[in-house]
Amino acid sequence: MVDALQEARRVLKPQGILVNVRPVTTPMTVEVIVAAGPVWAKEVPSYSAPEDVAAAEAAVQSALSCAWFAFEKRLNYDFDVYCDTAADLSLYAQARKLPEAEIPYEELESRRRKWHAEGQTARLRCRRPWLMSSYRKK
Amino acid sequence: MAIEMDPAGVEPAAILQAADFHNAHVLEIGAGDGRLTFRYAAQFRSVVGIDTKEPEIRSAAKTPHADFRGRAQFLCANATALPFSAEEFGIVLLASSL
């Protein structure tokens with residue numbers, strides 16, 4: 001990871017900006033949502049490999065201590081993924097290394113179908129906490 | 001649509017707050033299938049997306065975003081051995097790739 005940061009620094013112009021966007025380890029929310037808003041929600045662990053996040057953070061700190069970059073900005077944001085069914089959410093979770101065992105697929109699908117049977121368009125929403133950090137090349 | 005990612009555009013908006021991206025030549029590391037690239041590329045002069053996952057990067061290169069033809073390029077490359085000259089880019093974006 002430090003090698004990648006060193007390469008990023010090499011190809012950046014003087015005073016160029018490195019932007020790092022990544023998931024954070026705080027819990028994410030999975031919800032059943034209808035037109036009026038969420039009708040059921042549960043917090044679940046957001047990432048299956050918190051050690052990867054820790055290693056990435058350590059690499060950034062190493063690059064800062066080597067004075068390759070200077071910290072500029074940090075912004076936390078939540079990004080939403082909407083899925084028509086629990087099966088779709090499972091596909092997304094597999095592709096993004098989400099901790100599938102923690103996601104209550106059966107309950108989500110059961111509640112989604114209940115609302116659907118009552119004539120509401122119900123979908124599932126996964127609200128993921130992410131972080132944008134930026135650094136200026138020294 | 002079965003899966004809809006970030007319809008509010010929160011992620012590209014967050015990225016665009018990182019710096020003044022107008023007229024920047026951008027390198028995106030971990031571009032994958034270009035899902036994120038095409039959402040912010042209109043703001044930049046040009047962008048090169050790289051990823052080690054060849055099928056995904058091929059998919060990005062084939063995406064028919066005519067508006068970005070000539071300004072967006074995709075390559076299969078590794079972040080630890082970038083096939084670019086020194087001081088080529090104004091911005092490097094690590095897209096969940098550390």
Side-chain angles (χ1 to χ4, degrees), chain A residues 1-23 47 52-53 55-60 63 69 72-85 87-89 91-92 95-97 123-128 130-137, chain B residues 1-33 35-37 39-40 43-44 47-48 50-53 55-56 77-98:
Chain A
M1 290 179 182
V2 173
D3 291 349
L5 290 171
Q6 192 169 25
E7 270 293 84
R9 183 175 188 274
R10 182 183 66 79
V11 301
L12 268 174
K13 291 178 178 174
Q15 300 295 305
I17 300 289
L18 176 73
V19 184
N20 184 20
V21 290
R22 62 170 176 83
Y47 205 62
D52 290 352
V53 174
E57 186 59 32
V60 169
F69 301 99
E72 285 269 309
K73 287 182 187 169
R74 176 175 285 229
L75 175 68
N76 286 90
Y77 60 96
D78 292 329
F79 115 51
D80 293 337
V81 179
Y82 291 84
C83 298
D84 285 351
T85 66
D88 294 329
L89 179 57
L91 285 175
Y92 172 77
R96 303 292 168 176
K97 297 182 184 175
R123 293 198 294 171
L124 307 179
R125 180 167 71 185
C126 176
R127 177 158 277 186
R128 301 192 63 196
W130 277 56
L131 173 67
M132 181 280 288
S133 306
S134 64
Y135 308 88
R136 186 174 295 276
K137 178 180 174 178
Chain B
M1 188 181 291
I3 300 175
E4 189 180 10
M5 305 272 288
D6 188 25
V10 173
E11 191 169 31
I15 290 168
L16 292 172
Q17 287 189 41
D20 180 5
F21 284 12
H22 290 97
N23 281 325
H25 186 36
V26 178
L27 171 64
E28 182 181 340
I29 298 173
D33 62 4
R35 175 191 68 80
L36 184 58
T37 319
R39 301 194 70 185
Y40 68 75
Q43 305 293 323
F44 303 157
V47 58
V48 179
I50 68 159
D51 206 298
T52 53
K53 297 172 193 145
E56 291 196 15
N78 193 308
T80 58
L82 296 172
F84 307 110
S85 307
E87 302 185 355
E88 195 168 320
F89 297 93
I91 293 169
V92 173
L93 171 63
L94 300 168
S96 192
S97 55
L98 263 187

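In what follows, chains are A, B, ... by sequence order, proteins preceding strands, each numbered from 1.
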Report summary line: Under 4.5 Å to a heavy atom of chain B? For A:Asp78 that would be backbone
**Report entry** Close side-chain approach of B:Arg39 to B:Glu11, heavy-atom, < 4.5 Å
**Finding:** no
Requested in this report: Would you mind checking which part of A:Val60 comes under 4.5 Å of any heavy atom in chain B, side chain (CB onward), backbone (N, CA, C, O), both or neither?
Outcome: side chain
Query raised in the report: Has the side chain of B:Gln43 got a donor or acceptor atom that lies under 3.5 Å from a matching backbone atom of B:Tyr40?
Result: no
Report task. Please determine, among B:Ala19, B:Ala8, B:Ala81, the option with the most heavy-atom pairs under 4.5 Å with chain A. Result -> B:Ala81
Requested in this report: Could you tell me whether the side chain of A:Arg22 reaches within less than 4.5 Å of the side chain of B:Leu94, counting heavy atoms only?
Outcome: no
Requested in this report: Starting at CZ of A:Phe69, measure out to CG of A:Asn20 and round the result to the nearest 0.5 Å.
Outcome: 10.0 Å
Query raised in the report: Looking at A:Val81, A:Val21, A:Asp3, which one has more heavy-atom pairs under 4.5 Å with chain B than the rest?
Result: A:Val21
Query - Region of B:Ala14 in contact with chain A, defined by heavy-atom distances below 4.5 Å - result: both
Query raised in the report: Do A:Arg125 and A:Tyr82 have side chains that get closer than 4.5 Å, going by heavy atoms?
Result: yes
Report summary line: Per-residue tally against chain A (heavy atom, under 4.5 Å) across B:Ile91, B:Val10, B:Leu82, B:Asp6 peaks at B:Leu82
Query raised in the report: Looking at B:His25, B:Glu88, B:Glu28, which makes the most heavy-atom pairs under 4.5 Å with chain A?
Result: B:Glu88
Report task. Mind checking the CG-SG spacing from A:Leu89 to A:Cys83? Nearest 0.5 Å is all I need. Result -> 4.5 Å
Requested in this report: Let me know if A:Met1 has heavy atoms under 4.5 Å from chain B in its side chain, its backbone, both or neither.
Outcome: both
Report summary line: Honestly, the part of B:Leu93 sitting under 4.5 Å from a heavy atom of chain A is both
Query raised in the report: Is it the side chain or the backbone of A:Leu12 that comes within 4.5 Å of chain B heavy atoms, both, or neither?
Result: both
Query - Pair B:Val26-A:Val19, side-chain contact (heavy atoms from CB on, under 4.5 Å): steps then yes or no - result: CA-CA 10 Å; B:Val26 178; A:Val19 184; over 6 Å; no
Query raised in the report: Which one of A:Asp80, A:Val11, A:Val2 has the most heavy-atom pairs closer than 4.5 Å to chain B?
Result: A:Val11
Requested in this report: Among A:Pro14, A:Ser133, A:Ala55, single out the residue with the greatest number of heavy-atom pairs under 4.5 Å to chain B.
Outcome: A:Pro14
**Report entry** Aromatic plane relationship, A:Trp130 with A:Phe79 - under 30° parallel, 30 to 60° tilted, over 60° perpendicular
**Finding:** tilted
